[in-house]
Amino acid sequence: MFDGKMKAVTFSYDDGVTQDIRLIEMLDRYGLKATFNLNSELLGKSGSLDILGKEISHNKIQPNEINKVYKGHEIAAHTLTHPDMTEMAADEVIHQVERDRLNLSELSGYEVVGFAYPGKRPNYNSRIAQIIEDGTGVKYARTTVCSSDFSPPRDLYEFHPSVFHRDWEQLYALAQRFIELETTSERIFYIWGHSYEFDINDEWDKFEEFCKFISNRNDIFYGTNKEVLL
């Protein structure tokens, strides 16, 4: 059980961008918890992304700011440099994941045990998952393949989130189902995304409405990925 409750909500956000600051302020207002997956060798770097013809800021949090920015939430690994790992040699997979995990553990002052696979779908395979399980200190690894349900993970190294945060129709449909769900077994509503994506169509207010909607439920535990999965 999750602190005596059978249902849990958790969020996961990738890349460690400066928009995380605004997102965390919002999550904190509603007592929600997230895990933030960082690329340690990209911390502090500035950049932008061209999305649908719009230039979206993609500046990374400074290394010496991560404890302040992510206070109360969880830091997890996301590889050193965000490569496509699907055809990568085993030793390079281990280097990218374990070195990132160790770097972030040193920066954060606690052992980092979570991981999110970088890149677009398919962003992982069972070979990569097995290498990570056998060769690193990672205890759970999240894919980007949404399950549209609330089942606890059968395999912690190929854990599928419930829904992508900007799939608004599905997000609310699943949230309503989850709120109404009566269960005698553990169920997890897991939402993932990138905070910079709210800049594309200025959807910050829209997401805040969702935070209001899902929060403050007496029968739901709100925790980081580690608190919910391990």
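Basis for what follows: all heavy atoms, side chains included, without hydrogens, waters or symmetry-related copies. For this chain, numbers begin at 1 and follow the sequence in order.
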So does [X] pair up with [Y], basic N to acidic O under 4.0 Å?
X: R22; Y: E25; answer: no
X: R142; Y: D14; answer: yes
X: E74; Y: K33; answer: no
X: K7; Y: D219; answer: yes

Return yes if some donor-acceptor pair links the side-chain N/O of [X] with the main-chain N/O of [Y] below 3.5 Å, else return no.
X: T224; Y: A34; value: no
X: S215; Y: G31; value: no
X: S147; Y: P161; value: yes
X: E186; Y: M6; value: no
X: N59; Y: T18; value: no
X: D84; Y: T86; value: yes
X: S162; Y: D149; value: yes

Compare all side-chain heavy atoms of [X] with those of [Y] and state whether any distance is below 4.5 angstrom.
X: Y117; Y: T79; result: no
X: F2; Y: E227; result: no
X: W192; Y: F164; result: yes
X: N39; Y: L80; result: no
X: V112; Y: N103; result: no
X: Y124; Y: M85; result: no

Worked verdict on F115 versus K139 for side chain to side chain contact (heavy atoms under 4.5 Å, CB included) | CA-CA 8 Å; F115 177 71; K139 302 300 182 188; over 6 Å; no
Where [X] and [Y] come nearest, the two heavy atoms and their spacing:
X: L107; Y: N67; answer: O-ND2, 3.0 Å
X: Y140; Y: V138; answer: O-CG1, 3.1 Å
X: S195; Y: L23; answer: CB-CD2, 3.9 Å
X: Q19; Y: W204; answer: O-CH2, 3.5 Å
X: F207; Y: L27; answer: CE2-CD2, 4.4 Å
X: A175; Y: I214; answer: CB-CD1, 4.0 Å

Between the side chains of [X] and [Y], is a donor N or O closer than 3.5 angstrom to an acceptor N or O?
X: T81; Y: Q96; answer: yes
X: Y30; Y: E208; answer: yes
X: D100; Y: S40; answer: yes
X: S57; Y: D199; answer: no
X: S48; Y: H58; answer: no
X: D134; Y: Q130; answer: yes
X: E197; Y: H194; answer: yes
X: K54; Y: N201; answer: yes

E111: what forms a salt bridge (charged side-chain N to carboxylate O under 4.0 Å, His left out) with it, not counting sequence neighbours?
->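 Checked E111 against salt bridge (charged side-chain N to carboxylate O under 4.0 Å, His left out); matches are R101.
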Under the salt bridge (charged side-chain N to carboxylate O under 4.0 Å, His left out) test, which residues partner E106, sequence neighbours left out?
->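 Salt bridge (charged side-chain N to carboxylate O under 4.0 Å, His left out) check on E106 returns nothing, list empty.
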Would the F150 and Y190 ring centres measure less than 6.0 Å apart?
->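 Judged by ring-centre distance (under 6.0 Å), F150 and Y190 do not meet the cut-off.
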What residues, two or more places apart in sequence or in another chain, satisfy ring pair (Phe, Tyr, Trp, His ring centres under 6.0 Å) together with [X]?
X: Y157; answer: none
X: F213; answer: Y172
X: H165; answer: Y13, F198

Could you state the interatomic distance from [atom1] ([X]) to [atom2] ([Y]), rounded to the nearest 0.5 Å?
X: T136; Y: I94; atom1: OG1; atom2: CD1; value: 7.5 Å
X: Y222; Y: C211; atom1: OH; atom2: SG; value: 10.5 Å
X: I188; Y: S151; atom1: CD1; atom2: OG; value: 9.0 Å

Name the one of H160, Q170, R177 that satisfies side-chain hydrogen bond (donor to acceptor under 3.5 Å, both in side chains) with S148?
->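 Result: among H160, Q170, R177, Q170 is the only option passing the side-chain hydrogen bond (donor to acceptor under 3.5 Å, both in side chains) with S148.
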Evaluate whether atom NZ of K5 has more than 12 neighbouring non-hydrogen atoms of other residues, nucleotides or ligands under 6.0 angstrom away.
->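 Counting other residues, nucleotides and ligands, NZ of K5 exceeds 12 neighbours.
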Check the hydrophobic clustering (I, L, V, M, F, W, Y; side-chain heavy atoms under 4.5 Å; chains of links allowed) and say if Y110 and L230 are grouped together.
->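 No, it is not one cluster - the side chains of Y110 and L230 are not joined through contacts under 4.5 Å.
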Determine whether I132 and L102 fall in the same hydrophobic cluster, where Ile, Leu, Val, Met, Phe, Trp and Tyr are linked whenever their side-chain heavy atoms lie under 4.5 Å apart.
->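 No, I132 does not connect to L102 through the hydrophobic network.
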Candidate list I21, T35, I61, test side chain to side chain contact (heavy atoms under 4.5 Å, CB included), partner Y70, passing option |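 Testing Y70 for a side chain to side chain contact (heavy atoms under 4.5 Å, CB included) against I21, T35, I61 leaves exactly one candidate, I61.
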Cluster partners of V17, using ILVMFWY side-chain heavy atoms under 4.5 angstrom, listed by chain and number?
->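 Under the 4.5 Å side-chain rule, V17 groups with L49, I51, L52, I56, Y196, I200.
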Start with the C-alpha gap between H82 and D15, add the side-chain angles, then the distance that decides, and say whether side chain to side chain contact (heavy atoms under 4.5 Å, CB included) holds.
-> CA-CA 8 Å; H82 209 281; D15 292 2; 3.3 Å; yes
Going by the angle between their ring planes, with limits at 30° and 60°, are F36 and H73 parallel, tilted or perpendicular?
->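 If you compare the ring of F36 with that of H73, the planes turn out perpendicular.
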Given T143 and N123, is the side chain to side chain donor-acceptor pair (under 3.5 Å) satisfied, shown in steps?
-> CA-CA 7 Å; T143 77; N123 68 334; 5.3 Å; no
